[in-house]
Amino acid sequence: IYQFDSRVTRSAPVPLESPIADPDNWHLLIAHFPAELRVYNQRNSYRVPTHMHLRAHVLAQVADGGSWMATGEAFECDLLDLSIGGALVRSHQPMEENQRVSLNLPLMDQWVEIRTTCVRAGIEDPDNVGVLYGMEFRELSTAQEDLLHKAIMQLQRDALVDDEEEEEE
């Protein structure tokens with residue numbers, strides 16, 4: 001999102017030269033060109049693209065206010081991007097908002113179970129290969145967050161090296 005400051009210098013009805021009055025009373029605002037543009041980043045953390053095929057496990061709450069346990073139901077999914085705060089997952093398995101799943105991620109030469117919550121369900125997949133889901137990490141321990149941060153930084157460095165090698169070719 002871009003932000004800028006400007007000042008309106010004039011307002012004119014639209015269309016400018018029409019003999020017929022606009023019933024919606026639309027106006028064209030003429031403004032001074034902004035002196036600067038500011039970029040506003042809505043994300044809280046950096047995202048890296050990934051290409052991981054995973055198995056996700058559905059979680060259910062044991063009792064009201066109780067802990068979350070695996071139900072035994074599992075499904076295949078692809079992890080498309082990853083950040084400290086969440087991930088983008090593609091799957092053929094239908095998920096609803098607030099559904100909880102556990103993902104086992106290969107991070108820094110070890111498998112780490114991360115419990116996620118679906119916060120955006122049913123996003124159109126431009127490749128038409130499945131359905132996209134926005135997952136949020138709400139229960140990370142400090143150790144998990146640290147490991148995830150290190151893994152994301154490593155993935156980012158690897159992507160930069162790959163970009164540099166492509167430029168040299």
Side-chain angles (χ1 to χ4, degrees), residues 1-5 34 36-169:
I1 294 177
Y2 293 97
Q3 297 176 334
F4 60 89
D5 297 319
E36 67 174 338
L37 289 176
R38 295 179 300 277
V39 177
Y40 176 71
N41 184 3
Q42 293 183 349
R43 298 211 182 270
N44 292 330
S45 56
Y46 183 77
R47 287 186 175 266
V48 291
T50 60
H51 305 286
M52 296 181 199
H53 187 73
L54 304 172
R55 190 159 180 79
H57 299 272
V58 177
L59 301 175
Q61 201 167 21
V62 176
D64 268 352
S67 61
W68 292 82
M69 302 290 289
T71 64
E73 181 183 350
F75 59 92
E76 303 290 317
C77 65
D78 294 310
L79 187 71
L80 302 179
D81 72 28
L82 184 64
S83 75
I84 294 286
L88 181 64
V89 171
R90 178 176 52 211
S91 177
H92 293 288
Q93 171 76 18
M95 280 193 279
E96 296 179 7
E97 286 188 18
N98 295 316
Q99 182 172 341
R100 306 283 302 270
V101 296
S102 171
L103 299 173
N104 284 313
L105 304 178
L107 303 175
M108 305 297 291
D109 298 327
Q110 59 184 300
W111 287 91
V112 180
E113 179 193 8
I114 296 183
R115 295 177 174 218
T116 68
T117 302
C118 180
V119 292
R120 296 226 21 216
I123 305 164
E124 289 277 329
D125 180 6
D127 297 330
N128 206 20
V129 181
V131 179
L132 301 178
Y133 298 97
M135 309 302 287
E136 184 176 70
F137 304 149
R138 294 183 178 171
E139 300 176 14
L140 291 178
S141 68
T142 304
Q144 286 176 317
E145 189 173 325
D146 185 48
L147 189 59
L148 188 57
H149 180 74
K150 287 177 183 175
I152 289 168
M153 296 302 288
Q154 183 62 50
L155 287 168
Q156 183 182 12
R157 279 192 295 276
D158 292 347
L160 290 172
V161 168
D162 291 345
D163 288 347
E164 288 176 1
E165 288 174 357
E166 287 177 13
E167 286 179 9
E168 289 175 1
E169 292 176 2

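The model shown is predicted, which means the values in this text are computed figures rather than measured ones.
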Asker: Using the side-chain contact (heavy atoms from CB on, under 4.5 Å) definition, which of the options Leu147, Asn104, Leu140 pairs with Val112?
Answerer: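 Checked Leu147, Asn104, Leu140 against Val112; only one passes side-chain contact (heavy atoms from CB on, under 4.5 Å): Leu147.
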Asker: Can you measure from CG (Asp81) to CG (Leu88) and round to the nearest 0.5 angstrom?
Answerer: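 These two atoms lie 5.0 Å from each other.
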Asker: Could you tell me if the side chain of Met135 sits less than 4.5 Å from the side chain of Val101, heavy atoms only?
Answerer: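 Of all side-chain heavy-atom pairs linking Met135 with Val101, at least one is under 4.5 Å.
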Asker: Would you confirm whether Tyr133, through its side chain, and Gly122, through its main-chain N or O, come within 3.5 Å as a donor-acceptor pair?
Answerer: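 No; judged by distance alone, with no hydrogens or angles, the pair does not exist.
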Asker: Could you tell me if Gln99 and Gln93 have a donor-acceptor pair between their side chains, going purely by distance under 3.5 Å?
Answerer: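 No.
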Asker: State, to 0.1 Å, how close Arg90 and Leu132 come at their nearest heavy-atom pair, and which atoms those are.
Answerer: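 So the minimum-distance heavy-atom pair works out to CB-CD2, 3.7 Å.
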Asker: Could you give the distance from CZ (Arg47) to CD1 (Ile84), rounded to the nearest 0.5 Å?
Answerer: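 Result: 11.0 Å between the selected atoms.
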Asker: For Trp68, is there any backbone N or O sitting under 3.5 Å from a side-chain donor or acceptor partner on Arg115?
Answerer: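 Looks like yes, one N/O pair under 3.5 Å.
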Asker: Can you check whether Met153 reaches Lys150 side chain to side chain, under 4.5 Å on heavy atoms?
Answerer: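 Side-chain contact under 4.5 Å: no.
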Asker: For Val89 and Cys77, work out which heavy atoms get closest and say how close.
Answerer: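 Heavy-atom minimum between the residues: CG1-CB, 3.5 Å.
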Asker: How close do Pro106 and Leu54 get, counting heavy atoms only, and between which atoms?
Answerer: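 Closest approach of Pro106 to Leu54: CD-CD2, 4.0 Å.
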Asker: Has Gln110 got more than 12 heavy atoms of other residues, nucleotides or ligands less than 6.0 Å from its CD?
Answerer: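 More than 12 within 6.0 Å, yes.
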Asker: Which atoms form the tightest heavy-atom contact between Phe137 and Ser83, and what is the distance?
Answerer: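 Looking at all heavy atoms of both residues, the closest pair is CE1-O, 3.3 Å.
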Asker: Rounded to the nearest 0.5 Å, how far does SG of Cys118 lie from CG of Asn98?
Answerer: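 Those atoms lie 8.0 Å apart.
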Asker: Quick check: closest heavy atoms across His92 and Val129, and the distance to 0.1 Å?
Answerer: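 In terms of heavy atoms, the two residues are closest at CE1-O, 2.6 Å.
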Asker: Between atom CE of Met108 and atom NE2 of His149, what is the distance when rounded to the nearest 0.5 Å?
Answerer: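 Met108 CE to His149 NE2: 10.5 Å, rounded to 0.5 Å.
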Asker: Determine whether more than 12 heavy atoms belonging to other residues, nucleotides or ligands lie under 6.0 Å from atom CE of Met69.
Answerer: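 It does not: Met69 CE has 12 such atoms or fewer within range.
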Asker: Ion pair present between Glu97 and Arg120, side-chain N to carboxylate O less than 4.0 angstrom?
Answerer: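 Salt bridge flag = no for Arg120 with Glu97.
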Asker: Would you say the side-chain atoms of Ser102 and Glu113 include a donor-acceptor pair closer than 3.5 Å?
Answerer: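 Their side chains do contain a donor-acceptor pair, which is all the 3.5 Å distance test asks for.
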Asker: Quick one about Glu76 and His53 (side-chain donor to acceptor, distance below 3.5 Å, no hydrogens or angles considered), yes or no?
Answerer: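 Indeed, the side chains of His53 and Glu76 share at least one donor-acceptor pair under 3.5 Å.
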Asker: Using modelled atom types and a 3.5 Å cut-off, is there a donor and acceptor pairing between side-chain atoms of Thr116 and backbone atoms of Glu136?
Answerer: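 Such a contact is absent between Thr116 side chain and Glu136 backbone.
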Asker: So how far is it from Leu107 CG to Asp146 CG, rounded to the nearest 0.5 Å?
Answerer: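 Rounded to the nearest 0.5 Å, the CG-CG separation comes to 11.5 Å.
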Asker: Any side-chain heavy atom of Arg138 sitting closer than 4.5 Å to one from Val119?
Answerer: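 Side chain of Arg138 against side chain of Val119, heavy atoms only: contact under 4.5 Å found.
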Asker: Are Leu82 and Leu105 side-chain neighbours, meaning at least one heavy-atom pair lies under 4.5 Å?
Answerer: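 The answer is yes, as the side chains (C-beta and beyond) meet within the 4.5 Å cut-off.
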Asker: Looking only at non-hydrogen atoms, find the nearest pair between Ala60 and Thr71 and report the distance.
Answerer: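 Scanning both residues, the minimum pair turns out to be CB-CG2, 3.5 Å.
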Asker: To the nearest 0.5 angstrom, please state how far the CD atom of Gln144 sits from the CG atom of Leu148.
Answerer: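 Here the interatomic distance stands at 8.5 Å.
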